[in-house]
Amino acid sequence: MKVILLKEVKGMGKEGDLVNSKDGYARNYLIPRNIAIEATSENLRKWEEAKKQEAAKKKQELEEAKSLKERLEKLTVEVKAKGGSGGRLFGSITSQDIAAALKEQHGVDIDKRKIEMKDNIKNAGAAEVDLKLYPEVSAKLKVNVVTI
């Protein structure tokens with residue numbers, strides 16, 4: 001029996017997959033527990049429509065991420081921090097500091113978890129950080145650290 005999964009089932013598939021199941025397993029376990037629905041012509045039509053909408057949404061998000069990438073790669077963010085002699089900072093610049101400065105200076109709201117840094121920035125001067133905007137789209141942002 002073909003069923004459309006509403007939830008992930010270990011060893012069978014992910015949510016939204018169309019899979020073959022044994023008749024008894026589907027009738028007695030999957031369908032009564034609302035884990036799957038039978039793949040009737042009406043349900044298949046709705047499933048295909050939902051897949052099309054999801055694909056269109058993903059394409060839209062990808063286009064938005066690409067345009068944001070182009071915009072971010074032209075920007076330079078200036079972060080101020082207390083520092084000592086030789087350009088050494090009295091702390092470090094974290095991804096949260098960069099996200100706050102980006103929002104304040106350019107009005108771009110990026111989640112701090114999307115900013116990928118190997119280590120925090122500990123010296124004054126120019127640095128470059130990676131931004132993971134979408135699974136296939138990442139941008140490089142220039143950060144200028146100024147001591148006060």
Requested in this report: Report the C-alpha separation of Leu68 and Val137 in whole Å, then their side-chain angles, then the decisive distance to 0.1 Å, and conclude whether the side-chain contact (heavy atoms from CB on, under 4.5 Å) test is met.
Outcome: CA-CA 10 Å; Leu68 182 61; Val137 181; over 6 Å; no
Requested in this report: Start with the C-alpha distance between Asn120 and Ile93, add both sets of side-chain angles, then the distance that settles side-chain contact (heavy atoms from CB on, under 4.5 Å), and finish with yes or no.
Outcome: CA-CA 6 Å; Asn120 294 337; Ile93 304 298; over 6 Å; no
Query raised in the report: Step by step, would you call Leu131 with Glu116 a side-chain contact (heavy atoms from CB on, under 4.5 Å)?
Result: CA-CA 6 Å; Leu131 300 172; Glu116 295 181 342; over 6 Å; no
Query - Derivation of the salt bridge (Lys or Arg N to Asp or Glu O under 4.0 Å) call for Glu42 and Arg45 - result: CA-CA 5 Å; Glu42 179 68 18; Arg45 187 184 58 75; 2.6 Å; yes
Requested in this report: Quick one: do Lys80 and Glu78 satisfy side-chain contact (heavy atoms from CB on, under 4.5 Å)? Show the steps, please.
Outcome: CA-CA 7 Å; Lys80 295 178 181 171; Glu78 189 171 289; 3.8 Å; yes
For residues 21-36, run the donor-acceptor check on the side chains, cut-off 3.5 Å, and write out each pair with its distance to 0.1 Å, sequence neighbours left out.
from: Asp23; atom 1: OD1; to: Met1; atom 2: N; distance (Å): 3.1
from: Asn28; atom 1: ND2; to: Gly24; atom 2: O; distance (Å): 3.2

When the side chains of residues 49-63 are checked against the rest of the protein, which donor-acceptor pairs come out under 3.5 Å, sequence neighbours left out?
from: Gln60; atom 1: NE2; to: Glu64; atom 2: OE2; distance (Å): 3.0
from: Glu61; atom 1: OE1; to: Tyr134; atom 2: OH; distance (Å): 3.3

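By the criterion of side-chain heavy atoms lying less than 4.5 angstrom apart, applied directly or through intervening Ile, Leu, Val, Met, Phe, Trp or Tyr residues, Val143 is grouped together with Leu72 in one hydrophobic cluster. Under a hydrophobic-cluster definition in which Ile, Leu, Val, Met, Phe, Trp and Tyr are linked whenever side-chain heavy atoms come within less than 4.5 Å, directly or via other members, Leu75 and Val146 are assigned to different clusters. Residues Val19 and Val9 share a hydrophobic cluster, clusters being chains of Ile/Leu/Val/Met/Phe/Trp/Tyr side chains in contact below 4.5 Å. One hydrophobic cluster, built from ILVMFWY side chains closer than 4.5 Å, cannot hold both Leu44 and Val3; they sit in different ones. Under the 4.5 Å side-chain heavy-atom criterion for grouping Ile, Leu, Val, Met, Phe, Trp and Tyr, Leu6 is connected to Leu18 within one hydrophobic cluster.
When atom types are taken as modelled, the side chain of Trp47 and the backbone of Gly16 share a donor-acceptor pair closer than 3.5 angstrom. Asn43 contributes a side-chain N or O that, together with a main-chain N or O of Glu38, makes up a donor-acceptor pair within less than 3.5 Å.
Residues Arg71 and Val108 form a side-chain contact, since some pair of their non-hydrogen atoms from C-beta on lies under 4.5 Å apart. Between Leu133 and Ile110, the closest side-chain pair of non-hydrogen atoms falls below 4.5 Å.
Heavy atoms only, all atoms of each residue included: Asp97 and Ser92 are closest at OD2-O, 3.6 Å. Listed here is the closest heavy atom pair of Val79 and Ala101: CG2-CB, 4.0 Å. Taking all atoms of both residues into account, the shortest heavy-atom contact from Leu89 to Ala81 is CD2-CB, 4.0 Å. Between Asn20 and Met12, the shortest heavy-atom distance links the atoms O-CE, 3.9 Å. In plain terms, the two heavy atoms of Met117 and Thr94 that are nearest each other are SD-C, 4.1 Å. The heavy-atom pair separating Ser138 from Lys69 by the smallest distance is O-CE, 3.3 Å.
Ile121 CD1 to Glu128 CD: the interatomic distance, rounded to the nearest 0.5 Å, is 10.5 Å. The NZ atom of Lys132 sits 14.5 Å away from the CD1 atom of Ile115 when rounded to the nearest 0.5 Å. Atoms CG and CG, on Asp109 and Leu102 in that order, are 8.5 Å from each other to the nearest 0.5 Å.
For the side-chain contact (heavy atoms from CB on, under 4.5 Å) with Val77, the lone residue among Val145, Leu141, Asn144 that qualifies is Leu141.
Every residue was checked against the side chain to side chain donor-acceptor pair (under 3.5 Å) condition with Gln96, not counting sequence neighbours, and none meets it.
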